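Reviewing the structure listed below.
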Protein chains: 2
Amino acid sequence: MKTMLPASTSPGTLVDGMTATRPYHHGNLREELLREGERALESGGAAGLSLREVARAIGVSHAAPRRHFADKQALLDALAEAGFARLGADLDRVVDEAGPGSGEQLAALARAYVSFAGAHPALLELMFAAKTQADAPPQLRDAAERAFAAPLAVIAEGQARGDIVAGYHERVAKFAFATMHGLVAMANTGMLPAEATDAFIDEASVHLMQGLRPR
Amino acid sequence: MKTMLPASTSPGTLVDGMTATRPYHHGNLREELLREGERALESGGAAGLSLREVARAIGVSHAAPRRHFADKQALLDALAEAGFARLGADLDRVVDEAGPGSGEQLAALARAYVSFAGAHPALLELMFAAKTQADAPPQLRDAAERAFAAPLAVIAEGQARGDIVAGYHERVAKFAFATMHGLVAMANTGMLPAEATDAFIDEASVHLMQGLRPR
DNA sequence: ACCTGAACACCGTTCAAGT
DNA sequence: ACCTGAACACCGTTCAAGT
């Protein structure tokens with residue numbers, strides 16, 4: 001995380017002759033792998049991400065990433081973990097800023113989740129896949145849990161206030177999450193009309209609270 | 001589709017000597033590729049499916065599939081299309097068998113969808129991914145549309161009867177599908193307790209109709 | 001401590017050639 | 001018409017060796 005080293009010089013700046021050699025110590029490789037890895041992820045999905053291509057883009061040998069990430073999955077897991085930290089920060093913030101009603105808070109969470117998904121679709125897909133791996137690393141599970149702490153609290157507090165139907169709050173939260181997960185999957189695969197996604201999400205928040213029976 | 005040829009002899013039955021050669025014409029290759037392809041799909045997902053491995057398992061050269069499927073995606077698309085045909089048949093059937101109420105019909109559809117997902121998790125994931133491809137083949141899109149005709153009709157008829165909230169029926173159906181898609185994604189990745197999935201789905205059907213506000 | 005280069009065992013795809 | 005075998009350009013992973 002420390003960025004006290006001189007900003008990593010791009011290989012291009014060194015090529016003033018055929019004999020120019022790259023500096024032996026790259027210095028910042030781990031951060032650069034994460035940055036370039038996320039770029040590659042968004043451009044072609046987790047399956048399409050090539051570790052060798054990421055290494056080439058940074059200008060190190062294809063074996064260099066191994067010092068920092070044991071294999072491709074380790075890089076993906078690290079990207080997912082960082083993603084959960086950012087998503088969690090977003091969700092915490094919008095709950096703080098939203099009004100006191102559960103409906104409002106859930107709608108704000110829905111907007112923030114969909115907004116994150118729109119900005120980083122492949123990352124969010126990876127995050128879901130990574131955390132549901134049978135052998136997901138504990139740090140990843142913890143980051144995911146922290147990210148969803150705010151939504152879970154919104155549900156529990158809504159129940160305490162009588163805004164939300166009674167029942168084990170984790171089960172109610174899982175239902176709400178299923179709806180969000182489905183909406184985001186549809187939005188990111190073009191199943192929702194792009195120009196009306198916001199309106200659709202707001203309508204969905206109402207359906208989530210009010211249900212599909214007539215009112 | 002015609003199976004008038006002698007049932008494809010497994011290579012094993014021919015190996016009574018070192019000089020045994022496989023029959024030149026396999027005869028049934030397309031069907032076998034689909035069958036073995038689906039087996040491989042369920043054992044390792046679409047990304048993990050290897051065309052060469054499928055060919056090896058059947059006993060043909062790695063280039064043989066090309067006569068029947070131009071590339072790996074073409075095989076996956078064919079598997080997805082067949083999957084939609086089967087799913088559609090299931091959904092049609094349960095709607096016929098269910099009572100007249102929209103709640104009952106939607107719950108029956110939910111159970112059938114989740115049941116299909118449980119039996120063929122990787123196939124259902126592929127089906128969703130395949131049909132949302134930008135360049136999905138028309139037959140695949142048509143098969144998907146036919147599969148969801150019954151749920152769409154249930155929504156529209158429910159609205160006509162006053163069982164379901166008013167609004168453009170495709171938009172309401174998309175919301176219901178989002179919930180189902182999310183529930184299935186969670187069930188198939190272990191996010192729902194395996195022993196209580198059925199109860200969870202039934203509860204979810206009620207939430208879908210009644211919403212999360214207290215009643 | 002950090003990275004390189006060669007090597008291994010895989011891929012998907014292409015194509016001339018065989019029957 | 002249907003399939004084979006060699007070839008090409010990729011992968012991820014491993015490991016001895018270099019600085």
Side-chain angles (χ1 to χ4, degrees), chain A residues 2 4-6 8-11 14 19-34 36-37 40-41 43-79 126 133 135, chain B residues 1-6 8-11 14 19-34 36-37 40-41 43-79 126 133 135:
Chain A
K2 293 173 188 155
M4 294 183 287
L5 299 166
S8 76
T9 53
S10 104
L14 290 171
T19 58
T21 51
R22 283 195 302 267
Y24 177 72
H25 284 90
H26 192 277
N28 228 4
L29 187 50
R30 203 192 123 95
E31 323 305 319
E32 296 220 39
L33 285 167
L34 288 170
E36 179 62 28
L41 175 70
S43 97
L49 182 149
S50 153
L51 221 44
R52 292 177 96 114
E53 199 173 26
V54 167
R56 268 197 302 274
I58 296 178
V60 294
S61 84
H62 65 266
R66 193 145 208 269
R67 287 292 127 188
H68 303 279
F69 302 103
D71 55 21
K72 180 177 165 176
Q73 190 58 51
L75 173 60
L76 294 177
D77 286 346
L79 287 172
L126 168 66
Q133 286 175 120
D135 55 347
Chain B
M1 291 296 183
K2 293 175 188 151
T3 51
M4 294 183 285
L5 299 165
S8 76
T9 52
S10 105
L14 290 171
T19 59
T21 52
R22 284 195 302 267
Y24 177 72
H25 285 90
H26 191 278
N28 229 4
L29 188 50
R30 204 192 123 94
E31 323 306 319
E32 296 220 39
L33 285 167
L34 288 170
E36 179 62 27
L41 175 70
S43 97
L49 182 148
S50 152
L51 222 43
R52 291 177 97 114
E53 201 173 25
V54 167
R56 268 196 302 274
I58 295 178
V60 294
S61 83
H62 64 266
R66 194 150 207 265
R67 286 293 127 188
H68 303 280
F69 301 103
D71 55 22
K72 179 177 165 176
Q73 190 57 51
L75 173 60
L76 294 177
D77 286 347
L79 287 172
L126 168 67
Q133 286 174 121
D135 55 346

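Naming convention: chains lettered A, B, ... in sequence-line order (proteins, then strands); numbering from 1 in each chain. Fair warning: this is a prediction, and the values are worked out from it, not measured in the lab.
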Point to revise | Most 5' of B/Lys72 and B/Arg67 on DNA chain C, judged by nearest nucleotide | key: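 That would be B/Lys72.
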Rounded distance (Å) that lies between atom [atom2] of [N] and atom [atom1] of [X]:
X: A/Arg56; N: D/dG12; atom1: CZ; atom2: C1'; value: 13 Å
X: A/Ile58; N: C/dC2; atom1: CD1; atom2: C1'; value: 14 Å
X: B/His62; N: D/dA9; atom1: NE2; atom2: P; value: 15 Å
X: A/Leu75; N: D/dG12; atom1: CG; atom2: P; value: 10 Å
X: A/Arg52; N: D/dC11; atom1: CZ; atom2: C1'; value: 7 Å
X: A/Leu51; N: C/dT4; atom1: CG; atom2: P; value: 13 Å
X: A/Leu76; N: D/dG12; atom1: CG; atom2: C1'; value: 12 Å
X: B/Leu29; N: D/dT4; atom1: CG; atom2: P; value: 8 Å

Exercise for review: Might you work through the side chain to side chain contact (heavy atoms under 4.5 Å, CB included) test for A/Glu32 and A/Val60, ending with a clear yes or no?
Suggested key: CA-CA 11 Å; A/Glu32 296 220 39; A/Val60 294; over 6 Å; no
Exercise for review: Determine which nucleotide pairs with C/dT13, using a 3.5 Å limit on both distances of a Watson-Crick or G-U wobble pair.
Suggested key: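 Per the H-bond distance test, D/dA7.
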Practice item. Tell which nucleotide pairs with C/dA1, taking only Watson-Crick or G-U wobble pairs whose two distances are both under 3.5 angstrom. Key: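 Across any shown strand, C/dA1 pairs with D/dT19.
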[atom1]-[atom2] distance between [X] and [Y], expressed to the nearest 0.5 angstrom:
X: A/Leu51; Y: A/Leu49; atom1: CG; atom2: CG; result: 7.0 Å
X: B/Leu41; Y: B/Leu75; atom1: CG; atom2: CG; result: 9.0 Å
X: B/His68; Y: B/Leu29; atom1: NE2; atom2: CG; result: 4.0 Å

OP1 or OP2 of [N] versus the side-chain N and O atoms of [X]: is any pair under 4.0 Å?
X: B/Ser50; N: C/dC10; value: no
X: A/His68; N: C/dC3; value: yes
X: B/Arg66; N: D/dC3; value: no

**Study point:** Toward the 5' end of DNA chain D, by each residue's nearest nucleotide, A/Glu53 or A/Ala63
**Key:** A/Glu53
**Study point:** Sub-4.5 Å side-chain heavy-atom contact between A/Leu34 and A/Phe69
**Key:**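 Counting from C-beta outward, A/Leu34 and A/Phe69 do come under 4.5 Å.
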